[in-house]
K.L.:
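Quick one: the structure is below, questions incoming.
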Amino acid sequence: MIFAANFKTNHTRASTGEYIEVLLLETSLLKDDAVYIFPPTSALQASKEPIKIGAQNAYMTQNGAYTGEIGLDQLDEFAIRTIIIGHSERREILAESQEFIAKKFQFFKEHNFEIIYCIGEPPEIRERGDGAVLEYLSTQFEGIDTNYEKIMIAYEPIWAIGTGKSATIDEISITHNALRELTKAPLLYGGSVNSNNIQQIAKIDNVDGVLVGSASLNAKDFLELISLSK
Ligand code: PEP
């Protein structure tokens, strides 16, 4: 399975280093999985086998005048080749439009990055049922090459992120089965994945991995979550 830990605006360079050291004590547990850590920008560092470090965000530039952003030069320093694009927090809080996201996707695709591309519906769409959800999600694929060989798609219902209320097994299953019709890409589920629900979520057809926020912040908890998925 794919396990991706999104630290968001948590952890420092020092604590990210310590976190990785804790994970590396358990390489035998990690060897059959793909494990990604997305620390904050200030804690970016080179990947340490078998753990891959990715960027939560970057701007579509080699370098230049983009105050507050980083570009390829800063990612190249640590040989980072994985990025998250389209996370709902960037869509909502940072007001990234689908057009902007698609341009960013295109740029990092052209630079051969692995891209975790996030999609997910707000609560008022979920209330209208599966058809409305799938229609909404299709708008988040505008300008996105779902056949790109290095895309992973993370289905993350907005109402499930950081709320402790994961989507139900049926909701995940219906959505992932529909996504599978669209693409052969690995499909991740994200939204309040934790050690209480990982066993059930890991068993769902067409769930190839999970993107984990809160429950990934403690290295031992994240290791436990990985071991419970087996
Ligand atoms: C996320 O924001 O990508 C996420 C899945 O967060 P959480 O696990 O905290 O719901």
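Residue numbers run from 1 in the order of the sequence given. Whatever order the structure lists ligands and atoms in, that order sets their numbers, starting from 1.
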K.L.:
Would you say the side-chain atoms of S195 pair up with the backbone N or O of L225, donor to acceptor, closer than 3.5 Å?
P.N.:
no

K.L.:
Would you say G213 has any N or O atom under 3.5 Å from an N or O of ligand 1, going by distance alone?
P.N.:
yes

K.L.:
For the residue pair F7 and H11, categorise the inter-ring angle as parallel (less than 30°), tilted (30 to 60°) or perpendicular (more than 60°).
P.N.:
tilted

K.L.:
Could you give the distance from CG (N177) to CG (L179), rounded to the nearest 0.5 Å?
P.N.:
9.0 Å

K.L.:
Does ligand 1 come near enough to G162 that some N or O of the ligand is less than 3.5 Å from an N or O of the residue?
P.N.:
yes

K.L.:
Could you check whether R90 and Q56, counting side-chain N and O atoms only, form a donor-acceptor pair closer than 3.5 Å?
P.N.:
no

K.L.:
Under 4.0 Å from a heavy atom of A160: which atoms of ligand 1 are those, numbered in the order shown and with their elements?
P.N.:
10 (O)

K.L.:
With a cutoff of 4.0 Å, is A215 in contact with ligand 1, counting heavy atoms of the residue only?
P.N.:
no

K.L.:
Mark up the atoms of ligand 1 that fall under 4.0 Å of a heavy atom belonging to S214, in ascending order.
P.N.:
7 (P), 8 (O), 9 (O)

K.L.:
Are F38 and V35 co-members of a hydrophobic cluster defined by side-chain heavy atoms under 4.5 Å apart?
P.N.:
no

K.L.:
With a heavy-atom distance limit of 4.0 Å, tell me whether I161 approaches ligand 1 through its side chain, its backbone, both, or neither.
P.N.:
both

K.L.:
Is a side-chain donor-acceptor pair under 3.5 Å present for K184 with N147?
P.N.:
no

K.L.:
Can you tell me the protein heavy atom closest to atom 1 (C) of ligand 1 and the distance?
P.N.:
H87 NE2, 3.3 Å

K.L.:
Give the atom numbers and elements of ligand 1 that come within less than 4.0 Å of a heavy atom of S192.
P.N.:
7 (P), 8 (O), 10 (O)

K.L.:
State whether a side-chain donor-acceptor pair under 3.5 Å links Y155 with E171.
P.N.:
no

K.L.:
My understanding is that we take every heavy atom of each candidate and find the minimum distance to atom 2 (O) of ligand 1. Doing that for Q56, K165, K8, which one comes out nearest?
P.N.:
K8

K.L.:
For atom 3 (O) of ligand 1, what's the nearest protein heavy-atom neighbour? Residue, atom name and distance, please.
P.N.:
E156 OE2, 2.8 Å

K.L.:
Please confirm whether F3 and Y36 have ring centers closer than 6.0 angstrom.
P.N.:
no

K.L.:
Atoms of ligand 1 less than 4.0 Å from N6 heavy atoms?
P.N.:
3 (O)

